[in-house]
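Read the structure below first, then the notes.
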Amino acid sequence: MKKAFTLIEMLVVVGIIAVLASIVLVTIRGATDAANATKCMSNMRSLFVAADTIGMDGGSYPLAGPCIRKSKGENSTIEPWISRDHSEKMIPCYGTGSEVEDRYAITNGSGGVFWRALTGNESAYNCPMFAKDHLVKRKCKPLFSYALNAVVFQSDVRTMADSFVGVGITKYNEVDRADRKVMFAELPISQSCGYDPLARPETCDATLKPDVGNSKWQGSAEAIGFVHQDKRKRYYGHVVFVDGHIEKFMQPPASSSLKEAKLTAHICSGDDVAFDENGYRLVAEAEDEEK
């Protein structure tokens, strides 16, 4: 007669299976996180190509926010890369609750131009990690999870003959640091930093508005988001620059002098920043300290 397994032997087998299962789950999760980060970078590349294509083909880059153009005594509104709804209200990242209004904001006006430049690729508007967090909180898909730098683009990339009032007016030319000035950045989520667009709807728009003490930029400052985790469980976020290259920015530690808002302001303006164990510092300030 065959001998049955003892209770201790069964517990040992169950324990071994549990350990192996946990290892497999960690591996799968790591692979999923890496895949989501890769998808996010692919999205940002698509956003850059769309904006660059519009600028090169039509002579006008998409704006980060609504802008009023004054020319020969007549005013006209220039729509941003994500437009407004039928009632002329800006669309937050969590949408209006109306699929008709949300789709109108993406496919109408300048938003429509950007939509067509993306060949109708709706998935490019959202980072998978942000979308996952949004679905948990709002039970619906977010409209977008990226923001465009307000100080990069003007309506006419070749001239500055007209005056502008609004967001997104700084002249872009050969003097600007295309390799250091951010174009698109991720929006934050609450798990990774103090800024949460879902909890602070006044900042949840498609525009990075750096808070640099300049009255030209109205409203609350939007900070870049750190929505991904590396193998050491540190949060980071992706940023695509005006020249098209993508960098990974780590979340500033609590000891850092440059928190999310200040860091955003500097990379929106094209300032050099460096990261070490103490957080971010302006390169110019570090060089002055070394002299």
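Numbers here are sequence positions counted from 1. Note that the structure is a prediction, hence the values are computed from the model and not measured. Side chains included, hydrogens not; waters and symmetry mates left out as well; all remaining heavy atoms used.
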Is any side-chain heavy atom of [X] less than 4.5 Å from a side-chain heavy atom of [Y]?
{"X": "Ile106", "Y": "Phe114", "value": "no"}
{"X": "Pro253", "Y": "Phe275", "value": "yes"}
{"X": "Pro188", "Y": "Ile224", "value": "no"}
{"X": "Ser46", "Y": "Leu118", "value": "yes"}
{"X": "Val227", "Y": "Tyr235", "value": "no"}
{"X": "Leu263", "Y": "Val273", "value": "yes"}
{"X": "Leu258", "Y": "Pro252", "value": "no"}
{"X": "Met183", "Y": "Phe241", "value": "no"}

Checklist line | Thr96 vs Asp102, side-chain hydrogen bond (donor to acceptor under 3.5 Å, both in side chains): CA-CA, chis, key distance, verdict | finding: CA-CA 6 Å; Thr96 64; Asp102 293 346; 2.9 Å; yes

Margin query: Is it the case that the side chain of Thr107 and the backbone of Gly112 share a donor-acceptor pair, with hydrogens and angles ignored and the cut-off at 3.5 Å?
Written below: no

Item checked: Tyr280 backbone acceptor or donor facing Ser256 side chain under 3.5 Å -> yes

Checklist line | Residue pair Ala185 / Val239: nearest heavy atoms and the distance that separates them | finding: CB-CG2, 4.0 Å

Item checked: Other residues, nucleotides, ligands: >12 heavy atoms within 6.0 Å of Glu99 CD -> no

Check: Would Ser269 and Asp271 count as having a side-chain donor-acceptor pair, cut-off 3.5 Å?
Finding: no

Notebook entry, point to check: With a 3.5 Å cut-off and no angle check, do the side chains of Asn43 and Tyr146 form a donor-acceptor pair?
Noted result: yes

Next item on the list: Classify the angle between the aromatic ring planes of Trp81 and Tyr125 as parallel (below 30°), tilted (30 to 60°) or perpendicular (above 60°).
Entry: parallel

Check: So Tyr236 and His238, would you call those rings parallel, tilted or perpendicular, with 30° and 60° as cut-offs?
Finding: perpendicular

Next item on the list: Scan for salt bridge (charged side-chain N to carboxylate O under 4.0 Å, His left out) pairs involving residues 251-263, sequence neighbours excluded, and state none if there are none.
Entry: none

Next item on the list: With side-chain contact (heavy atoms from CB on, under 4.5 Å) as the test, would you mind laying out the steps for Ser87 and Glu101 before giving the verdict?
Entry: CA-CA 9 Å; Ser87 62; Glu101 294 293 347; 5.9 Å; no

Separation between [atom1] of [X] and [atom2] of [Y], rounded to the nearest 0.5 Å:
{"X": "Leu143", "Y": "Cys93", "atom1": "CG", "atom2": "SG", "value": "8.5 Å"}
{"X": "Asn126", "Y": "Glu186", "atom1": "CG", "atom2": "CD", "value": "10.5 Å"}
{"X": "Leu187", "Y": "Thr207", "atom1": "CG", "atom2": "OG1", "value": "9.5 Å"}
{"X": "His228", "Y": "Thr38", "atom1": "NE2", "atom2": "OG1", "value": "9.5 Å"}

Check: Salt bridge or not for Arg180 and Asp272, using N-O below 4.0 Å?
Finding: yes

Check: When you look at Arg234 and Gln251, which way does the side-chain contact (heavy atoms from CB on, under 4.5 Å) test go after all the steps?
Finding: CA-CA 7 Å; Arg234 299 176 303 177; Gln251 181 182 14; over 6 Å; no

Notebook entry, point to check: Would Tyr104 and His86 count as a close aromatic pair, with their ring centres under 6.0 Å?
Noted result: yes

Note to self: Would Ile267 and Lys181 count as a side-chain contact (heavy atoms from CB on, under 4.5 Å) here? Give the steps.
What the structure shows: CA-CA 6 Å; Ile267 64 173; Lys181 186 171 287 187; over 6 Å; no

Notebook entry, point to check: Which residues pass the salt bridge (charged side-chain N to carboxylate O under 4.0 Å, His left out) test with Arg45, sequence neighbours left out?
Noted result: none

Next item on the list: Name all residues meeting the ring-ring contact (aromatic ring centres under 6.0 Å, His included) criterion together with Phe48; count only those two or more places apart in sequence or in a different chain, and write none if there are none.
Entry: none

Checklist line | Partners passing side chain to side chain contact (heavy atoms under 4.5 Å, CB included) against Glu122 (at least two apart in sequence or in another chain) | finding: Arg103, Trp115, Lys141

Notebook entry, point to check: Under the disulfide (SG to SG under 2.5 Å) test, which residues partner Cys40, sequence neighbours left out?
Noted result: none

Notebook entry, point to check: When you look at Asn121 and Thr119, which way does the side-chain hydrogen bond (donor to acceptor under 3.5 Å, both in side chains) test go after all the steps?
Noted result: CA-CA 6 Å; Asn121 181 14; Thr119 63; 5.9 Å; no

Atom pairs and distances, donor-acceptor, side-chain atoms in residues 128-135, under 3.5 Å, two or more places apart:
| from | atom 1 | to | atom 2 | distance (Å) |
| --- | --- | --- | --- | --- |
| Asp133 | OD1 | Gln191 | NE2 | 2.7 |
| His134 | ND1 | Cys140 | O | 2.7 |

